[in-house]
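We count ligands from 1, going down the list as the structure has it; atoms in each ligand are counted the same way.
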Amino acid sequence: MTHVFHRHLRQAPPVAAGAAGMTIRDAAGRDYLDASGGAAVSSLGHGHPDVIAAMHAQIDRLPYAHTSFFTSEVAEQLADELIRTAPAGMSHVYLVSGGSEAVESALKMARQYFVEIGQPQRTHFIARRQSYHGNTLGALAVGGNEWRRAPFAPILVPATHVAPCYPYREQRADETAEQYGQRLADELEAAIQAQGPGRVIAFVAETVGGATAGVLTPVPGYFKTVREVCDRHGVLLILDEVMCGMGRTGTLYACEQEGVVPDLVTIAKGLGGGYQPIGAVLAQKKIVDAMSQGSGFFQHGHTYLGHPVACAAALAVQQVIHRDGLLAKVREDGQVFGAMLREALGDHPHVGDVRGRGFFWGIELVADRAGKKPFDPARKLHAAIKQEAFARGLLCYPFGGTVDGKQGDHVLLAPPFIASRGDLQRIATLLAESVAAVTATGAPR
Ligand SMILES: Cc1ncc(COP(=O)(O)O)c(C=O)c1O
């Protein structure tokens, strides 16, 4: 009998007993190949000696000091390193303990910015359907996944949701990728105008959509047009790179590949690589200046802001990524991985789409390829694939509700950057076997 309030209350998960590199071992001695880095968290795999040494050294030196009294050397070093490698114009880093906290902080920073500059009438956020920004109330409010929002909808702040960039399902046959991107940006502009002049605080979007839609890569030009729309209306652009940032797509920030610079960017998972809970918001100078020249204070805060051991882990993770040339490796091996996935899964009658970038891939499953018809949600195909893959020793990250929060199934893959090509091939093969085994069963559609 467990006293842990587990995610699911009618079944207890197996006990993870140890982990090294690409592998997690359970208490029964079974090994699992970690093809999703948990939830796209582990960039360096498990047990990296440099990160562990940095954490040990920090624990011996200074495990904790509250940020209302002190800063710490390691938080300063991490912020320097993050600003050194940040999108242009970012001047400060707000260090929190995870992705949802980063998103909450960004939403409040954006709101306070407008209060500071004399535009308190800006009260509304716009985000996208099928997005995921975290489970705390502000993050859930901007999140666009209907299933996650539904029980809490009456207590969420109002937000408008526009279409995601989802070419597989929503780009029309008679429009180019550029025209599709423009149509989406036009929808955003109409949503901003519908609120009335000067009412919208920010547009919030994952640069590459992750958990709830199965890796949606933006069409070329989409984010540039979005940036122009935001600028035209004085609306901030908050990019949520909690999942897709920190090298996951082959550049440190996914927005580098879109040629846009956000006003605020959130990062988390790959920042600490799973060694410590840590997240951050990077802010453009104009936002920091508005506060420093105004109230002089960001009206927010948590007990564990800038936690020294978390900062030490994150700094070590970032240093290893740069020292070992892992961004270039993710770019190169990411192409190879994509080809492996297409080869292993692309012709399967129930694989509708294989999409992604770097070490961030989504496989969308369909009952009927030609019509892109999703499986009956009652079949819970995604859960069956997770279970089948687990039984074969593969950890992947499948979800349902891909299409609209209810229908659709996908599998998300996000292997650690240290994965060898042999590991990547094993992942593709094991996943293809799992998908084949599950879709071949006569379970009702
Ligand atoms: C894009 C994005 N934002 C925010 C979050 C929330 O992060 P956390 O689970 O660390 O609170 C997630 C988690 O999956 C995410 O993918």
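Protein residues with a heavy atom closer than 4.0 Å to ligand 1 are G98, G99, S100, Y132, H133, G134, E206, D240, V242, M243, K269, listed by chain and number.
With Y132 as the aromatic partner, R148 meets the cation-pi criteria of under 6.0 angstrom to the ring centre and within 45 degrees of the ring axis.
A perpendicular orientation is assigned to the rings of F399 and Y397, their planes being inclined by more than 60° (bins at 30° and 60°). The aromatic rings of H350 and H348 sit tilted relative to each other, their planes meeting at an angle between 30° and 60°. The aromatic rings of H300 and F298 lie tilted to each other, with the angle between the two planes from 30° to 60°.
Side-chain contact of Q112 with E116: a donor-acceptor pair under 3.5 Å is present, judged by distance alone.
Counting non-hydrogen atoms of other residues, nucleotides and ligands closer than 6.0 Å to CZ of R149 gives a total above 12.
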